[in-house]
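Each chain gets a letter, A, B and so on, in the order its sequence line appears, and its residues count up from 1. Keep in mind it's a predicted model, so treat the numbers as computed, not measured.
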Number of protein chains: 2
Amino acid sequence: MRETCVPTGVELKDTGFGYTLSLIGGKYKMIIMYWLSENKVMRFNELKRCIGTISFKTLSIMLKELEADGLIKRQEFPQIPPKVEYSLSERGLSLIPVLNMMCEWGEKNSLPALEAVKR
Amino acid sequence: MRETCVPTGVELKDTGFGYTLSLIGGKYKMIIMYWLSENKVMRFNELKRCIGTISFKTLSIMLKELEADGLIKRQEFPQIPPKVEYSLSERGLSLIPVLNMMCEWGEKNSLPALEAVKR
DNA sequence: AAATACACTCTCCTTTTGGTAAGTATATGA
DNA sequence: TCATATACTTACCAAAAGGAGAGTGTATTT
């Protein structure tokens, strides 16, 4: 019987792309990072308005996860009404080229785009 | 009141990275493509053995989706017992650099790796 | 005096995702 | 003759993800 291939049974999270995917796979996470890379600093409701289709709950969870993963920074100002500013961290910035590459591939290779080319 | 930012309400799927993510976000999809890029041509059970932790059902679904998205080719041989060969398509091949970039970023920036560096 | 804005949280619900285990039809090897 | 191999599919479940809508406390604006 043929031997099984070498790294059999490796968990997704233990591979490089699996780990990367676990950080940016959440819905809207890449979009949040995109907005932060464009605007540098943004507040919670500002992000909500920009993304539009995201719910409060999801935005809240995504921001917490991004912060826990060290991709964004959260600065809270002790004011009333409250003020919280989000921005990319160094680590988050280093991911932007990866996002750009995914973005470019997607724009060039999306099926709708391909159909538009055919016409 | 401040205007909302320009592309408000854009659905995830309609962005470049959102589209790319929808193609490779499924569990094990990137791993399947990795194996196909290494071995060129593989059969169903061969992939199953290599990946190890994937179930028949999930592998089956992922392969169908990858094929529907034009990332892999499926060739069926009318034999008994059956024989089916999977390989990357041109389009699938063009995604490999993206996977590589994600892989490299993940390996350099995974938290376990960072902890190992500290010691 | 009432509405609005800030940054969230909470509960309930639905959808999606993925896993387990068993089954299919047939041929080959022990 | 019986197990094993091929490439799957099907039914049933459990967990996770994400959405909807209401609520919180205070201050400014109308």
Side-chain angles (χ1 to χ4, degrees), chain A residues 1-4 9-13 18 21-32 35-36 39 41-69 72-87, chain B residues 1-5 9-13 18 21-32 35-36 41-69 72-87:
Chain A
M1 186 197 291
R2 199 179 315 152
E3 294 288 349
T4 55
V10 185
E11 283 295 323
L12 223 209
K13 301 267 170 136
L21 188 59
S22 74
L23 299 195
I24 61 175
K27 201 170 176 185
Y28 298 106
K29 271 187 182 173
M30 298 173 90
I31 290 187
I32 292 169
W35 278 108
L36 291 181
N39 293 5
V41 172
M42 293 180 80
R43 299 173 65 176
F44 186 90
N45 280 328
E46 195 180 359
L47 277 163
K48 169 84 170 78
R49 263 182 263 114
C50 285
I51 298 173
T53 51
I54 198 171
S55 67
F56 285 116
K57 182 197 163 191
T58 302
L59 178 56
S60 181
I61 290 172
M62 295 300 128
L63 287 171
K64 273 189 187 132
E65 290 181 358
L66 287 170
E67 194 197 357
D69 290 328
I72 66 173
K73 285 178 291 184
R74 186 189 119 106
Q75 193 179 3
E76 193 172 342
F77 296 84
Q79 304 180 346
I80 281 175
K83 173 175 172 181
V84 180
E85 289 185 346
Y86 295 92
S87 58
Chain B
M1 188 198 290
R2 200 178 315 152
E3 294 288 347
T4 54
C5 306
V10 185
E11 283 294 323
L12 225 208
K13 302 267 170 136
L21 188 60
S22 74
L23 298 195
I24 62 176
K27 202 170 174 186
Y28 298 107
K29 271 186 181 173
M30 298 174 89
I31 291 186
I32 291 170
W35 278 109
L36 291 181
V41 173
M42 294 179 80
R43 299 174 64 177
F44 185 91
N45 279 329
E46 195 180 359
L47 276 164
K48 170 83 170 78
R49 264 181 261 113
C50 285
I51 298 173
T53 52
I54 200 171
S55 67
F56 285 117
K57 181 195 161 191
T58 303
L59 179 56
S60 181
I61 290 173
M62 295 300 129
L63 287 171
K64 272 191 187 131
E65 290 181 358
L66 288 170
E67 193 196 358
D69 290 327
I72 65 174
K73 285 177 291 184
R74 186 190 120 106
Q75 194 178 4
E76 193 172 342
F77 297 84
Q79 305 179 345
I80 282 178
K83 173 176 173 180
V84 180
E85 288 185 347
Y86 294 94
S87 57

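- Once rounded to the nearest 0.5 Å, the distance linking SG of B/Cys50 with CD1 of B/Ile32 reads 11.5 Å.
- Phosphate contact (OP1/OP2 of C/dC6, side-chain N/O of A/Arg49, threshold under 4.0 Å): present.
- Under the side chain to side chain contact (heavy atoms under 4.5 Å, CB included) rule, B/Glu67 has a single partner from B/Arg74, B/Lys73, B/Met62, which is B/Arg74.
- Rounded to an integer number of Å, the gap from CG of B/Leu47 to C1' of D/dA7 is 12 Å.
- The distance from atom CD of B/Glu46 to atom P of D/dA7 is 9 Å, rounded to the nearest whole Å.
- Looking at A/Lys48 and A/Glu46, no side-chain N of the basic residue comes within less than 4.0 Å of a carboxylate O on the acidic one, giving no salt bridge.
- Between A/Phe44 and A/Tyr86, the two ring planes are tilted [angle within 30° to 60°].
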Any chance you could list the contact pattern along nucleotides 12-30 of chain D? Use B for base contacts, S for sugar-phosphate-only contacts and - for none, protein heavy atoms under 4.0 Å, 5' to 3'.
------BBB----BSS---
Test side-chain contact (heavy atoms from CB on, under 4.5 Å) on B/Phe56 and B/Asn45; report intermediate values, then the result.
CA-CA 9 Å; B/Phe56 285 117; B/Asn45 279 329; 3.7 Å; yes
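- Remark: C1' of D/dT9 and CG of B/Asn45 are 14 Å apart, rounded to the nearest angstrom.
- A/Ser87 and A/Val41 get closest at one heavy-atom pair: CB-CG2, 4.3 Å.
- Neither OP1 nor OP2 of D/dT6 sits under 4.0 Å from any side-chain N or O of B/Arg43.
- One interatomic measurement links the two molecules: CD of B/Glu76 to P of D/dC8, which rounds to 7 Å at whole-angstrom precision.
- Atom CZ of B/Phe77 is separated from atom P of D/dA5 by 21 Å (rounded to the nearest Å).
- Ionic pairing of A/Glu65 and A/Lys29 is present here: one or more N-O contacts between side-chain nitrogen and carboxylate oxygen are shorter than 4.0 angstrom.
- Nucleic acid contact class of A/Tyr86 (heavy atoms, under 4.0 Å, all strands): sugar-phosphate only.
- Atom P of nucleotide C/dA7 and atom NZ of A/Lys48 are separated by 13 Å, given to the nearest angstrom.
- Computed from coordinates, the B/Lys83 NZ to D/dT6 P distance equals 12 Å when rounded to whole Å.
- When rounded to the nearest whole Å, the span between NZ of B/Lys64 and P of D/dA7 equals 14 Å.
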